[in-house]
Amino acid sequence: MRVQRGRFVTSYFLRRLLLIVPTFLGVSLLVFALTRLVPGGPIERMLNEAAMAAQPGVHVVNAGGRGGSTLSKQDLAQLEAYYGFDKPIVVSYADWLSKVVRLDLGNSTRYSEPVWDIIKSRFPISIFYGIATLILTYGVCIPLGIVKAIRHKTVFDNVTSLVIFFGYAIPGYVVGIALLTAFASKWHVFPLGGFVSDDFDDLSPHERVKDVLVHAVLPVLSYVAGAFALMTLMMKNSLMDNLAADYVRTAIAKGLTFRRAVFRHALRNSLIPIATSFGNNISLLVGGSFLIEKIFDIDGFGLLGFESLVERDYPVVLGIVVISSLLFMAGNILSDLCVALVDPRVKFGSGEGSA
Amino acid sequence: MTLSPLARRQWQRFKSIKRGYYSAWVLVALVLLSCGAELLVNNRALVVSYDGRWYFPTYGAFVPGTAFGLGYDYETNYRDLAKQLAADASKGWVLMPPVPYDAFENDLHDSAFPPYPPSLESRHFLGTDTTGRDVLARLVYGFRIAFAFSLVLLACNYLIGIAVGCAMGFWGGAFDLFFQRLIEVWSIVPSLYVIMIVASIMVPTFWTLTLVMVIFGWMSMTWYMRTATYKEKTRDYVMAARALGATNGRIIARHILPNTVSVIVTFMPFAIAGGITSLTALDYLGFGLPPPTPSWGDLLSQGTDNLDHPWIVTSVVGAMVVVLLTVTYIGEAIREAFDPKRFTFYE
């Protein structure tokens, strides 16, 4: 049995890995095509900027590509060739893809630097917040869920339910804005945003750590607020389901202590639903959230995605889409792996498994 | 229409959950009030009596200033008219709505720059935003738009989700497999970001934004419906119906769909909350409905840019908390009413 299960799981993951290729092609083609439909592409943005520099204060309206009086036709053609806008969509997509395979995401039109370098420089910040959020979320949710399940309908359960309900109903970004307004703007307990203070370089190592932590409190709280309610409820409900199951009753009837029945028997099975969502954390870990990074002005991956979209820096936009969809796929596979680890019954491969 | 005994019992159970039941009334009241928002929050008067004639300018074409002996033929400024007639009561009188501003009007003073703080005297009960528009007016009209948007979004997502999900669960086989893969691939698309990309390419309207969000959001209902149909299909009553000669269409419409109604109804409030949240998020990021559409997201972004004028942020956050909490209370109550499962637990 064990060998057979191993084979099932391996072939399942092989198939999952192979599915990445068509998925990736589909998603990237979709977004690539979208960015090509843009009336105000990077070239027009440059023209607009040139025109605005020439006439300060005059707003140039995008009129379907007729803003180009400041550039000669020849310059325009050169620019278009440089960014591959002169070729049909399929050809330039193939060009772009062949570069992506070689890990070359092109150059940013805004910074004229390689896209990969720009994106890479934002990773550490998002990962820092991601890990902090992850530890806090799981560290709070699993114990809290267990206690709530065991003490169902007690005062403790009801009081924590109120908090959880609030976190469940209100999205993380609204919590973030509320926290920012109260604790940063009104009472000045925490800084208004950013990853570190402006004078970070002048601080001693000890002060630096403190500076980063002080800046991190509100954003991490908002991230946690967005995730912990659902996770705690999931933990509580699945543990209660298991506590009501026959095998726990049998274990207790046989004379096992309640504590032992919970921790040795019910808990492992209750972790299965938690494991199914574990992979989603990869996206959060690296990708952050547009909203929370924008609210707190954190220079991470999410804010980069937002800013490059506002600036119509499409090579970066494409790079972000590529990386976030790859991460998402990796997360899905990781989730499945976790489930396979926790749940001995899992046999992937048949259609019913995914129902 | 008579309710089945089961539905009546569920309704009784819903009513017995007081939090959810009262929240439902609050939400219905909010929605009804926002439908008649023109009568409560408007810069047009409710009633004007002038020279023995009566005017009801709220709905319909505007009444030019010349009708009231004012020196202009564009729309009457009823607040000024009210002041004039209050000084000279012989001509007539004006009855203004409780909040005499609409969502688009910039009420500017010479003495200071907006945003103006809340004031009972100027009847800006929640203050104004950075361009002097009344915050309460924009909240009310913004709520109406966001709620309508969520309803339309819900209807579209449900229509596609129920149809496709039912078909997947009922027929299974290659059709099911094809859609499973399609949904799997489609769910990988970073939808919020792609919606933002689309919105940055063409300025969205109410309907195009709905369309784009449906394109990237129809999958979740499909999944639930597939599972529910799949379960129901194997029940004995379906086989009995088939043995009696019922067609597939009849089995789905008369037997399976009514039995999956708990799935359909349970997710509704959460879908509404999700619709409001995502529209507000998009508006906040500047990729939602274009200005000057009144929207909570727009107010939020003005508020976070002007944290020293906290009445903007607090108003929106307060409104969001109230609406989302009521919707979620209703959702929880419905879920409990439909869920016959009762937990056993150890003392």
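Chain naming here is simple, since letters A, B, ... match the order of the sequence lines and numbering starts at 1 in each.
- Taking a 6.0 Å sphere around NZ of B:Lys231, one finds it holds 12 or fewer heavy atoms contributed by other residues, nucleotides or ligands.
- The number of heavy-atom neighbours closer than 6.0 Å to CZ of B:Phe14, taken from other residues, nucleotides and ligands shown, is above 12.
- Considering only heavy-atom pairs separated by less than 4.5 Å from chain B, the leading option among A:Ile320, A:Leu291, A:Val321, A:Leu309 is A:Leu309.
- Looking at residues two or more places apart in sequence or on another chain, you find a side chain to side chain contact (heavy atoms under 4.5 Å, CB included) between B:Val238 and B:Arg242, B:Ile251, B:Ile256.
- A distance of 5.5 Å separates CD of B:Glu332 from CZ of A:Phe165, quoted to the nearest 0.5 Å.
- Here the shortest heavy-atom pairing between A:Pro171 and B:Thr277 reads CG-CG2, 3.1 Å.
- Across B:Leu325, B:Thr304, B:Val317, the residue that shares the most heavy-atom pairs under 4.5 angstrom with chain A is B:Leu325.
- Within the 4.5 Å cutoff, the side chain of A:Ser325 has no heavy atoms near those of the B:Tyr193 side chain.
- Heavy-atom pairs under 4.5 Å with chain A were tallied for B:Val321, B:Val194, B:Val316, B:Val327; the largest tally goes to B:Val321.
- Going from atom CD1 of B:Ile188 over to atom OG1 of A:Thr23 covers 6.0 Å, rounded to the nearest 0.5 Å.
- Residues A:Tyr314 and B:Ser200 approach most closely at OH-OG, 3.8 Å, considering heavy atoms.
- The contact between A:Ser185 and chain B is made entirely by side chain atoms (from C-beta outward), counting heavy-atom distances below 4.5 Å.
- Proximity to chain A is limited to the side chain of B:Phe270, based on heavy atoms less than 4.5 angstrom apart.
- Applying the side chain to side chain contact (heavy atoms under 4.5 Å, CB included) rule to A:Ala227 yields the partners A:Thr137; only residues at least two apart in sequence or on another chain are considered.
- A:Leu34 and B:Ile201 get closest at one heavy-atom pair: O-CD1, 3.0 Å.
- Contacts with chain A were tallied for B:Val189, B:Ile197, B:Asp176; B:Ile197 has the most, counting heavy-atom pairs under 4.5 Å.
- For A:Tyr168, the part lying under 4.5 angstrom from a heavy atom of chain B is the side chain only.
- By a heavy-atom distance cut of under 4.5 Å, A:Tyr173, A:Val174, A:Ile177, A:Ala178, A:Leu180, A:Thr181 are the residues of residues 173-183 of chain A near chain B, going up by number.
- For residues 280-290 of chain B, the interface with chain A (any heavy-atom pair closer than 4.5 Å) comprises B:Thr280, B:Ala281, B:Tyr284, B:Leu285, B:Phe287, sorted by residue number.
- With a 4.5 angstrom heavy-atom cutoff, A:Val31 touches chain B only via side-chain atoms.
- Of the two parts of A:Leu326, neither the backbone nor the side chain holds a non-hydrogen atom closer than 4.5 Å to a non-hydrogen atom of chain B.
- The number of heavy-atom neighbours closer than 6.0 Å to CZ of B:Arg181, taken from other residues, nucleotides and ligands shown, is above 12.
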